[in-house]
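First the structure, in the form of structure tokens, and then the observations on it.
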Amino acid sequence: MQEVLRRSGAYVLALLLVLLTILGAYKLQAPPSSHLIIDQVTLETGETVSLPYSWVGPVKTTRVIEFEASFKSTDLGTDPQLYLPYFDQNVEIDLNGFRLLEDLPGVRWQSPLTSDFALYPLPAAWLVEGDNILRIMVTTGPTKFGSLAEIHLGKADDFSFAYHLRMFVLDGLRPIVLGVQLLLTMACVTLTLMLPRKQSYRCLSICLMCASIISFSYFSEYFPVLAPLIPWLMLMSVPAGFAFLGFALTLHHITLGRKTITIVTVLSFTPFVLAAYGSLTMSTLVLWISIPICLLSFVVATLILTLAFLKRPAVDLALLTSGAVITAIAICHDVLALLGYLPLGAYLALPTRIVVLIGCALFLILRMVRTTKASENAGIFLKAQLAAKEAELQAIFAEQLADAEAKATLAERSRIVSELHDGVASYMSTVIALADQKDGQIAEIQTVARYALAELRILIDALGPDVRDLHQALAVFRDCSVDPIERLEIGVNWSMKGLPEIEWMATDQILSVVRILQEALSNSVRHGKPTSIRIIGAVAGGGKEASLVIENAGGQRFEQTAAGFGYGMKTMAQRAEEIGGRIILEPLSTGAVFTLVLPISKDVSA
């Protein structure tokens, strides 16, 4: 039901706009009811004709038509006036041989679809008691169409309202129309720049720009030097009509291709080329090419807009379609009146244009409101979609985080198990094997057990919460691994005063350092059989690296085999590489020097 009411309201609105605008334009330009109307005049050839009268003059020349009429002054009363509702294009009036001067000037002729009008006082001293003779000379040019309306005679009060109203419609309304056109043109150009893919705004911008250029003929009244440019301005009606047709097609969801735009552009400027270099006269180009093409384009555009309106009877399309219908009717009426097929007296194109422009303005406003609402709804929808996606991603992230934590926990457990298996478990297996022997050697069992306990202490202390940096881990390593060596009567020189702080290491990396030093110390004792061992920490690599050195002396010289390093050295090298460091093993005459090089900062380690 609401849809039916909405459609019906749109139809009624469109129909009322068309009827009220056309009837209002006619009513505003209706001639006044005066005391005396002269509708029969005599030409200079002696032929009697009826007014209003129109004719076609010669091309490229001016032509003067002289009319003569008579009236009695007793029919006029006091303060008589002569009012011409319209004429084309210039007029001079003699009363009993005296030239009349306008009391209130009309407007200068500005285009083929306009006319002039005038109000003349009739001086009492020039009037006679019998027949008074009026001689009216009408000149045509620059176009060849001329016309003369009925002659109205009466008191000044009879014509004041009609004259001033016609003055407003044909003159005062022009700057208003031009201002509205310019504002709408700027608005459409702005929309075109903001939405370059919208062909509808682009076409409407071109149409309004061309209409504004045509309206500049208004300034010829104040600058007569511009009058010769009026026909050239009228040639802009061709691109105006094509642009409005393109606007209607885009609203009907028909996209204009590049070839079509190129062809239309060439056709739009063809009249200018013909006017400049062709043999056709300007009046022929304006009246028989430019205006008919513009009229045909507006009629076709109106039909297209009507179809779009019938398909979707929205308020914005109702306003726009009504404006197009009004424009088409007004242009058809004025052209047919100019050609003599309709009575002259009321030009509809100008007074109805303001209604059309208001319709275009409301159309743009409603379209922008609709676009804004659509953008707001799209924003709300996107926010909802974003919130849903964010919640989904948070759930996925939480799941992945939990999975990562579980994997990290499992990896840490596996690493601890591996450390216990490789260290403590191997020693305990040796203890069990020695204890199972019948002649178990208590001293060996005690030694292996001490190694196992030391291994366990290293592991526990390195993984414990109290170990926060490498220096603490090295202190644990000294207590568990270095001190027992001194019981073997091996001199130990321990110094970590020169070792810089290495803050980037995690617990597992610290444990890897301890493991490397533990393996290196064990190799020094087992294979080097030293009398002294020096363990020091220092700065190396120009201040960017730290070195941990284990040097054994007083024993056997280190000799590298042809096969290279053994399994233990390869394991230490792999551990050092994992934490961004490297190992160096150099022989001495009575031993060897083992160096573990570590980066001080994390950037260097990367």
Side-chain angles (χ1 to χ4, degrees), residues 423 447 450-451 453-455 457-459 461-462 467 469-503 505 509-561 564-577 579-600 604-605:
T447 300
R450 288 191 188 97
Y451 283 134
L453 181 60
E455 183 75 18
R457 284 187 59 192
I458 291 174
L459 180 61
D461 290 339
V467 178
D469 56 27
L470 182 59
H471 282 275
Q472 290 181 334
L474 291 175
V476 175
F477 168 71
R478 178 177 181 178
D479 292 340
C480 298
S481 298
V482 177
D483 290 348
I485 295 177
E486 295 178 343
R487 301 190 188 100
L488 300 176
E489 297 181 355
I490 298 175
V492 178
N493 182 9
W494 173 278
S495 177
M496 292 295 164
K497 293 181 180 181
L499 182 67
E501 294 289 339
I502 304 178
E503 299 179 352
M505 281 191 174
Q509 294 170 325
I510 293 174
L511 181 59
S512 295
V513 173
V514 174
R515 286 298 190 197
I516 294 172
L517 296 178
Q518 185 181 15
E519 182 69 19
L521 182 61
S522 177
N523 290 339
S524 298
V525 174
R526 288 200 310 267
H527 304 297
K529 301 186 183 324
T531 58
S532 64
I533 294 179
R534 186 168 65 97
I535 305 174
I536 61 173
V539 177
K544 296 182 179 180
E545 296 176 327
S547 64
L548 291 168
V549 180
I550 299 178
E551 177 182 345
N552 60 294
Q556 297 180 0
R557 175 184 172 86
F558 169 72
E559 297 291 345
Q560 185 175 353
T561 61
F565 292 131
Y567 177 77
M569 288 296 297
K570 291 181 179 179
T571 302
M572 285 191 292
Q574 183 178 359
R575 285 181 182 269
E577 184 178 355
I579 60 177
R582 65 185 186 277
I583 62 173
I584 303 172
L585 184 59
E586 299 174 326
L588 295 176
S589 59
T590 59
V593 178
F594 173 86
T595 304
L596 172 62
V597 182
L598 299 172
I600 295 177
V604 178
S605 68

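In what follows, every heavy atom counts, from backbone to side chain, and hydrogens, waters and symmetry copies are set aside.
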For E519, side-chain contact (heavy atoms from CB on, under 4.5 Å) partners two or more places apart: N523, R526, M572
Chi angles and distances behind the side-chain contact (heavy atoms from CB on, under 4.5 Å) call for Q518, L521: CA-CA 5 Å; Q518 185 181 15; L521 182 61; 5.9 Å; no
Expected list for residues 581-591: side-chain donor-acceptor pairs under 3.5 angstrom, two or more places apart:
residue	atom	partner	partner atom	Å
R582	NH1	E545	OE2	2.9
R582	NH2	E545	OE1	3.4
T590	OG1	G554	N	3.1

Drop me the distance from [X]'s [atom1] to [Y]'s [atom2], to the nearest 0.5 angstrom.
{"X": "L517", "Y": "F594", "atom1": "CG", "atom2": "CZ", "value": "7.0 Å"}
{"X": "L511", "Y": "M505", "atom1": "CG", "atom2": "CE", "value": "11.5 Å"}
{"X": "S512", "Y": "Q574", "atom1": "OG", "atom2": "CD", "value": "10.0 Å"}
{"X": "L470", "Y": "E503", "atom1": "CG", "atom2": "CD", "value": "12.0 Å"}

Name each donor-acceptor pair under 3.5 Å that joins a side chain in residues 490-499 to protein atoms two or more places apart or in another chain, with its distance.
none

Minimum heavy-atom separation for [X] to [Y], with atom names?
{"X": "A546", "Y": "I502", "value": "CB-CD1, 3.9 Å"}
{"X": "P500", "Y": "A538", "value": "CD-O, 3.9 Å"}
{"X": "S524", "Y": "P530", "value": "O-CD, 3.2 Å"}

Take L548 and I516, measure what side-chain contact (heavy atoms from CB on, under 4.5 Å) needs, and give me the verdict at the end. CA-CA 10 Å; L548 291 168; I516 294 172; over 6 Å; no
For the residue pair R575 and V513, establish whether any side-chain heavy-atom pair is separated by less than 4.5 Å. no
Check the pair I550, L596 against side-chain contact (heavy atoms from CB on, under 4.5 Å), reporting the backbone distance first and the verdict last. CA-CA 9 Å; I550 299 178; L596 172 62; over 6 Å; no
Verdict with reasoning, I600 to K544, per side-chain contact (heavy atoms from CB on, under 4.5 Å): CA-CA 6 Å; I600 295 177; K544 296 182 179 180; 5.8 Å; no
Using the side-chain hydrogen bond (donor to acceptor under 3.5 Å, both in side chains) criterion, which residues pair with E551? Sequence neighbours excluded. R534
